[in-house]
2 protein chains.
Amino acid sequence: MAAITIRDVAAEAGVSIATVSNAFSGRKAVSPEVVRRVEEVARALGYQKNIAASQLRTGRVKVVGVLVPSLVDTFFASLVSDLEELAEADGYQVLVATSGDNAEREAAQLDALLGWKPSGLIAVPCTNAIPDTLRREMATLPIVLVDRIGEEDLPVDTVVVDNHAAGHEAAQHALEMGHREILIAASVAGLRPIAERIRGITEACLSATVTPRIVELGTDVEEGAARMAACLARDGHPTAVIAMTNVTTLAALTAFAQVGIDVPAEVSLVGFDDYAWMTARRVPLSAVRQPIADIAQSAWSCLRARIAGSGDQPARLVLDAPLQCRSSVCAPRAVQGAA
Amino acid sequence: MAAITIRDVAAEAGVSIATVSNAFSGRKAVSPEVVRRVEEVARALGYQKNIAASQLRTGRVKVVGVLVPSLVDTFFASLVSDLEELAEADGYQVLVATSGDNAEREAAQLDALLGWKPSGLIAVPCTNAIPDTLRREMATLPIVLVDRIGEEDLPVDTVVVDNHAAGHEAAQHALEMGHREILIAASVAGLRPIAERIRGITEACLSATVTPRIVELGTDVEEGAARMAACLARDGHPTAVIAMTNVTTLAALTAFAQVGIDVPAEVSLVGFDDYAWMTARRVPLSAVRQPIADIAQSAWSCLRARIAGSGDQPARLVLDAPLQCRSSVCAPRAVQGAA
DNA sequence: CTGCCACAGTAAAACGTTTATCTGATGGCG
DNA sequence: CGCCATCAGATAAACGTTTTACTGTGGCAG
């Protein structure tokens, strides 16, 4: 039951293996009659080209690696899904790996990914620090970094969202509605994009002489909900919460539900990311919408260009993440009363 | 700028390539001193083993393919994520492919996956029909089919949920609360697991002389919400809705929110699957909880056993999907009034 | 001292492709 | 009619690794 190789097809079709190869790739003329026969035989035998052998010979292969922190986080899942679609449309296959927000595992997955000698790599690093392996590959392999970029002058293309503006806009909205007690629900405050969002919020608050509080909820919903509840119990609850990721949005909401705090009557909420569940509620969430499709599109274009040999200066794409105003932010009670 | 190969390492370390290979694999004794030197040189040079070459030579490779309909559907994303973790723990790499619920694309992705000559495959078919390629591979490749199994006597291991019981339990719950007008929100009624769930519901209803209605919402949330809204407008709204997937749960909820129907005051809802967003609400959802971790675990164990050469009869694992009673189902108004 | 075995390491073949180079055959054209 | 170009197809080398079979070199028992 040995696997069927090109040799078997050649024998069965009564031609040489070179002819079979050419018949499939079409890079040398083969008579239509022979092509037909080869294809028929291949189908009958259930022949499948061995990609490993093919790529070993050619050196190149239409495969790109994609490394993200997690597939359970809808943001990354959507990103991967979009990238996969774009890649497939261009005839590329995608190798997905997840780091689980763990630097060690990230390094291991990266090694595994690179072992396939892909023609490019799109990665969302799990910390601000770029893994050594990755840094070394930057010299030779087309790479696009997305979302979590901790440094400024990287020698590769990067695609990020304007986190500062997003934070600023979210805070502005809350402030305009009259909120003065604002709590920032961060995942990990040290992460560059999160830090940027926080900076945007803080700056907006500064002009209104408001000092937001910050609570770190981590990257797990359950854990985050517990921490949020603890924070609420300890410090009393603010009039508005601005969540920094979809996971913290969920964590905050879970805590509110557990404690019985109503949104938006008792606390206003600005969420992050924009998913179906956010609008599938009596009070749809106002949230900062990250343009996932655009992010994927940009990242893919950059990578394509690099793979095609572009020697342009590394691009640093910054996309807008506009606020979607819906119904989860309203004036706080004090203001309502005064009005 | 040619890639670094084992040859470069061998030259630099002053040994033969065979020795380098053995130093890494450890399958032949190499003096500790040489091992150390080889490892050091490899690190210094940034050597990465070419998996393609390796697998070409050995024929086998610790890689398994995973094929799911979509990564945007949290059910599948979680499944893939769990499988990845299990595989990694056993030293396997996972190749992920998505079919997008499209039979043609499924076939293409399957071909691509098999081109890597993985040592096993875990697949969630996108229709009841098993693709030809897959059927043919069943004879030789370790395969585990999950979730969407359209046929009975497959020659491979399968892992499914007891969909009939799940449907029955959900319906029972609604009936006990006094509901008589029940609407089933199906994705695609023809899909085997969905059909089973519907059958479970219908049978439970039968004993209460209730005839549930059915609406098909598809696999996309937006589209589904529109169809649900249309159904509500056309036929009036039932007292209880039982959703058949997490996507239809979301679609139903979206429609309710748009039309302004309150859950559970105006309509009760039994959801499907169990995700964070379902409990992050004022009224947490009662839902059928699919044991994703167990599904992944079972599928992986089966595959491991097959890869290890087990010749057992094909197993047909059926897992329980118990109902999580929370707050989205309560007595319908008529009954409340009568009480 | 001789034969034998264990040990450390090497040479070379093989995996399934692709592709550069080669071979005949056919036909066009001067 | 001879020559060259064109074409379909074949041969064989190469890709980077693993692994089998081999070569020396010591050590040790007889």
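The chains referred to below are lettered A, B, ... by the order of the sequence lines, with proteins before strands, and numbering in each begins at 1.
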Asker: With a 3.5 Å cut-off and no angle check, do the side chains of B/Thr19 and B/Ser16 form a donor-acceptor pair?
Answerer: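 Looking only at side-chain atoms, B/Ser16 and B/Thr19 do form a donor-acceptor pair, the distance falling under 3.5 Å.
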
Asker: Provide the closest heavy-atom pair for B/Gly120 versus B/Leu141 in the form atom of the first, atom of the second, distance.
Answerer: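 Heavy atoms of B/Gly120 and B/Leu141 come nearest at N-CD1, 4.1 Å.
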
Asker: Holding to side chain to side chain donor-acceptor pair (under 3.5 Å), I want the full list of residues that pass it with A/Asp101, two or more places apart in sequence or in another chain.
Answerer: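 Per chain and number, A/Asp101 pairs via side chain to side chain donor-acceptor pair (under 3.5 Å) with A/Arg148.
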
Asker: Please list, in numerical order, the residues of residues 37-58 of chain A that have a heavy atom closer than 4.0 Å to any atom of DNA chain D.
Answerer: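 Output list: A/Leu56, A/Arg57.
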
Asker: Identify all stems in which DNA chain C takes part, counting only runs of at least 3 consecutive pairs (Watson-Crick or G-U wobble, each distance under 3.5 Å), and give each as one range with another, ordered by first number.
Answerer: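 In DNA chain C, stems of three or more pairs: C:1-30 with D:1-30.
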
Asker: Considering only heavy atoms, which members of residues 10-17 of chain B lie under 4.0 Å from some atom of DNA chain D?
Answerer: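 Heavy-atom cutoff 4.0 Å gives B/Ile17.
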
Asker: Apply ring pair (Phe, Tyr, Trp, His ring centres under 6.0 Å) to A/Phe75 and list each qualifying residue two or more places apart in sequence or on a separate chain.
Answerer: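 Per chain and number, A/Phe75 pairs via ring pair (Phe, Tyr, Trp, His ring centres under 6.0 Å) with no residue.
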
Asker: Using a distance-only test with no angle check, is there a side-chain donor-acceptor pair under 3.5 angstrom linking A/Asp90 and A/Trp300?
Answerer: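 There is such a pair (donor and acceptor under 3.5 Å, judged by atom type) between the side chains of A/Asp90 and A/Trp300.
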
Asker: Does a sphere of radius 6.0 Å around CG in B/Asp111 hold more than 12 heavy atoms from other residues, nucleotides or ligands, not counting ones at 6.0 Å or beyond?
Answerer: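 Correct, the count exceeds 12.
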
Asker: Suppose we screen for side chain to side chain donor-acceptor pair (under 3.5 Å). Which residues come up paired with A/Glu151, at least two apart in sequence or across chains?
Answerer: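 A/Glu151 satisfies side chain to side chain donor-acceptor pair (under 3.5 Å) with A/Arg135 once adjacent residues are dropped.
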
Asker: With sequence neighbours left out, which residue pairs that include part of residues 306-315 of chain B fulfil the salt bridge (Lys or Arg N to Asp or Glu O under 4.0 Å) condition?
Answerer: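 The answer is B/Asp157-B/Arg306.
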
Asker: If we count only N and O atoms by modelled type, under 3.5 Å, do the side chains of A/Gln55 and A/Trp116 hold a donor and an acceptor together?
Answerer: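 Their side chains do not contain a donor-acceptor pair, so the 3.5 Å distance test is not met.
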
Asker: Does a side-chain N-to-carboxylate-O contact under 4.0 Å join B/Arg192 and B/Glu152?
Answerer: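 Yes, this pair counts.
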
Asker: For residues 40-52 of chain A, tabulate all N or O donor-acceptor pairs below 3.5 Å that involve a side-chain atom, not counting sequence neighbours.
Answerer:
from    : atom 1 : to      : atom 2 : distance (Å)
A/Glu40 : OE1    : A/Arg36 : NH1    : 2.7
A/Asn50 : OD1    : A/Ala52 : N      : 2.9
A/Asn50 : OD1    : A/Ala53 : N      : 3.2

Asker: Can you tell me how far CG of A/Leu134 sits from CG of A/Leu113, rounded to the nearest 0.5 angstrom?
Answerer: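 One finds 10.0 Å between CG of A/Leu113 and CG of A/Leu134.
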
Asker: Enter the distance from A/Ser298:OG to A/Asp294:CG here, rounded to the nearest 0.5 Å.
Answerer: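 One gets 6.0 Å once the value is rounded to the nearest 0.5 Å.
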
Asker: According to the salt bridge (Lys or Arg N to Asp or Glu O under 4.0 Å) rule, which pairs have a member within residues 3-25 of chain A, sequence neighbours left out?
Answerer: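 Those involving residues 3-25 of chain A do not exist here.
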
Asker: Using the side chain to side chain donor-acceptor pair (under 3.5 Å) criterion, which residues pair with A/Glu33? Sequence neighbours excluded.
Answerer: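 If we apply the side chain to side chain donor-acceptor pair (under 3.5 Å) test to A/Glu33, skipping adjacent residues, the hits are A/Arg37.
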
Asker: Do any of residues 20-31 of chain A sit with a heavy atom less than 4.0 Å from DNA chain D, and if so which?
Answerer: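 Heavy-atom cutoff 4.0 Å gives A/Lys28, A/Ala29, A/Val30, A/Ser31.
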
Asker: Going 5' to 3' along DNA chain D, which are the first and last nucleotides with any atom under 4.0 Å from a heavy atom of chain A?
Answerer: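 First and last nucleotides in contact are D/dA8 to D/dG16.
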
